[in-house]
Amino acid sequence: MKLTVSTWNINSVRLRIEQVGRFLAEHRPDVLCLQETKCPNDVFPLKALQSFGYPFVVHMGQKGYNGVAILSRYPFSTTSVMEMCGRADARHITVTLTEAKGASGITIHNFYVPAGGDIPNPDLNEKFKHKLQFMDELRAWGGRSKPTGAPAILVGDLNVAPLENDVWSHKQLLDVVSHTPVETSALEALRGEAGWIDAMRHLRPEPEKIYSWWSYRSPDWAAANKGRRLDHIWLSGDLAGSLRAMDVTRETRGWERPSDHVPVTVTLEL
DNA sequence: ATGGTAGCCCCGCTA
């Protein structure tokens with residue numbers, strides 16, 4: 001069977017509920033992971049999302065900030081939420097698919113790593129310190145794919161552009177949060193140690209430029225094209241051979257009132 | 001360590 005999994009930082013799921021519907025109608029992924037839903041649980045637009053053909057939905061939100069959700073066309077079993085850095089932030093949610101033929105047993109982790117503020121110094125900036133601590137905890141956790149051998153997919157807005165060609169100018173962004181050496185080396189180390197495969201780069205290696213985010217602060221994002229690859233899809237090693245396709249849906253950035261992130265999708269043949 | 005825009009929902013905080 002084919003399994004397609006998408007990730008999208010939606011930056012308010014309520015404001016952009018129609019855009020979610022349009023993306024789902026046009027691309028029909030089996031699973032969509034959202035970040036920055038910015039929505040408390042009691043006002044989460046569950047019915048609207050289910051009406052798009054995704055009956056199985058889990059979400060964890062809070063007022064105004066953060067928030068993650070997973071929509072699926074297939075059933076999944078127990079879901080869980082990890083509390084990172086001792087905070088009740090809604091930055092992680094996970095499901096395990098149960099009734100999808102070849103995809104049964106695959107666990108999908110959806111993460112929203114802290115952006116980290118503006119100053120790349122943990123002593124001067126509490127938010128950057130939080131981001132580094134979050135990555136330390138990710139590293140210690142690992143994903144459990146290696147010890148158990150169970151297939152897993154990790155997606156999300158990891159808020160780090162790890163490679164030189166994941167940003168519009170490597171040199172100009174070396175001091176900019178999301179591309180500093182301390183962040184890029186931490187992300188690559190924790191990915192490698194746990195045996196995760198970077199699915200996007202597996203299919204489209206450097207030096208091709210790949211971006212998934214363009215700042216709202218750029219007046220003409222498309223012409224300037226000063227993007228960064230902040231959104232990622234990682235596969236446990238046993239799934240690497242099943243990877244068939246990867247797509248960055250750049251066009252959503254040009255929609256009316258867009259998210260600053262665009263969806264990233266992988267297709268697996270299981 | 002510039003300023004720029006966007007979303008939250010009360011206006012400053014986070015991105």
Side-chain angles (χ1 to χ4, degrees), chain A residues 7-20 23 33-45 48-49 59-69 84-92 110-135 155-162 166-169 171-184 187 211-232 250-264:
Chain A
T7 179
W8 193 7
N9 179 321
I10 195 64
N11 188 18
S12 176
V13 68
R14 282 179 292 176
L15 188 69
R16 276 180 263 282
I17 188 71
E18 304 87 352
Q19 297 192 30
V20 175
F23 172 74
C33 298
L34 297 172
Q35 304 86 35
E36 278 207 89
T37 52
K38 290 189 172 178
C39 180
N41 289 333
D42 56 350
V43 288
F44 184 83
L49 294 169
H59 58 94
M60 181 52 62
Q62 61 186 97
K63 194 169 86 176
Y65 307 106
N66 310 326
V68 286
M84 308 290 287
C85 304
R87 305 186 188 206
D89 292 356
R91 294 183 177 275
H92 169 260
N110 179 15
F111 279 99
Y112 175 48
V113 174
D118 290 329
I119 305 159
N121 181 331
D123 298 322
L124 302 178
N125 174 8
E126 199 59 40
K127 292 197 280 282
F128 194 70
K129 190 172 164 187
H130 178 209
K131 183 178 196 174
L132 295 182
Q133 189 190 343
F134 195 103
M135 283 197 282
V155 311
D157 176 5
L158 305 185
N159 264 316
V160 177
D166 293 339
V167 293
W168 62 276
S169 169
K171 281 184 180 162
Q172 288 179 252
L173 288 175
L174 276 170
D175 291 329
V176 175
V177 171
S178 75
H179 195 62
T180 65
V182 63
E183 295 168 83
T184 58
L187 193 77
Y211 311 139
S212 65
W213 172 90
W214 293 261
S215 173
Y216 284 128
R217 298 172 189 174
S218 177
D220 193 347
W221 71 275
N225 199 25
K226 293 184 173 179
R228 304 178 203 171
R229 185 171 73 109
L230 303 180
D231 303 275
H232 299 268
R250 194 180 200 266
E251 71 207 51
T252 67
R253 187 62 178 79
W255 290 355
E256 189 78 23
R257 295 251 279 171
S259 169
D260 46 353
H261 294 253
V262 301
V264 179

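As a basis for the values below, the full set of heavy atoms in this structure was taken, side chains included, without hydrogen atoms, waters or symmetry mates. Values in this document were obtained by computation on a predicted structure and should not be read as measured data. The chains referred to below are lettered A, B, ... by the order of the sequence lines, with proteins before strands, and numbering in each begins at 1.
Remark: the separation of the C1' atoms in B:dA6 and B:dC11 is 14 Å, to the nearest Å. Here, B:dT5 and B:dC10 have their P atoms 24 Å apart, quoted to the whole Å. Spacing between B:dC13 and B:dC9 at atom C1', rounded to whole Å, works out to 11 Å. Distance check on atom P: B:dG4 versus B:dC8 gives 22 Å, rounded to whole Å.
Taking each heavy atom of A:V13 and A:C39 in turn, the nearest pair found is CG1-CB, 4.1 Å. Residues A:N159 and A:K131 share a closest heavy-atom pair of O-NZ, 2.7 Å. In terms of heavy-atom proximity, A:L173 sits nearest to A:V167 at CD1-CB, 3.4 Å. Heavy atoms only, all atoms of each residue included: A:W214 and A:R253 are closest at O-NH2, 2.9 Å. Of all heavy-atom pairs spanning A:A222 and A:R250, the tightest one is O-NH2, 4.3 Å.
The one candidate from A:N11, A:D157, A:T7 that meets the side chain to side chain donor-acceptor pair (under 3.5 Å) condition with A:Q35 is A:T7.
Atom NZ in A:K226 sits roughly 16 Å away from atom P in B:dG3 (whole-Å rounding). With rounding to whole Å, A:Y112 atom OH is found 11 Å from B:dT14 atom P. Following rounding to the nearest Å, A:N159 (CG) and B:dA15 (P) show an atom-to-atom distance of 8 Å. Atom CD of A:Q62 and atom P of B:dG7 are 19 Å apart (whole Å). The CZ atom of A:R16 sits 10 Å away from the P atom of B:dA6 (whole-angstrom rounding). For the pair A:R253 CZ and B:dT5 P, the computed distance is 13 Å after rounding to whole Å. A:L230 has its CG atom 11 Å from the C1' atom of B:dA15, to the nearest Å. B:dA15 atom P lies 12 Å from atom CZ of A:F134, rounded to whole Å.
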Considering only nitrogen or oxygen atoms on both sides, find all protein atoms under 3.5 Å from nucleotides 8-10 of chain B and state each distance.
unit_1	atom_1	unit_2	atom_2	d
B:dC8	OP1	A:S12	OG	2.3

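Counting only N and O atoms by type, the side chains of A:S178 and A:E183 include no donor and acceptor under 3.5 Å apart.
Partners of A:D166 by salt bridge (Lys or Arg N to Asp or Glu O under 4.0 Å), not counting sequence neighbours, listed by chain and number: A:R201, A:R229.
Below 30°, between 30° and 60°, or above 60°: for A:H59 and A:F44 the angle between ring planes is below 30°, a parallel geometry.
Note on A:R91: only backbone sugar-phosphate atoms sit closer than 4.0 angstrom, heavy atoms only; bases stay farther off. Using a 4.0 Å heavy-atom criterion, one finds that A:F128 contacts no nucleic acid atom at all.
The main-chain N or O of A:R16 is never found under 3.5 Å from a side-chain atom of A:R257 such that the two would form a donor-acceptor pair.
Comparing A:H261 and A:R257, the nucleotide of DNA chain B nearest to each residue sits closer to the 5' end for A:R257. The 5' end of DNA chain B is approached more closely, in terms of each residue's nearest nucleotide, by A:L124 than by the other of A:L124 and A:G117.
Classified by its glycosidic torsion, B:dC10 falls in the anti category, the angle being over 90° from 0.
DNA chain B is contacted by A:Y216, A:R217 of residues 211-222 of chain A, taking any non-hydrogen atom closer than 4.0 Å.
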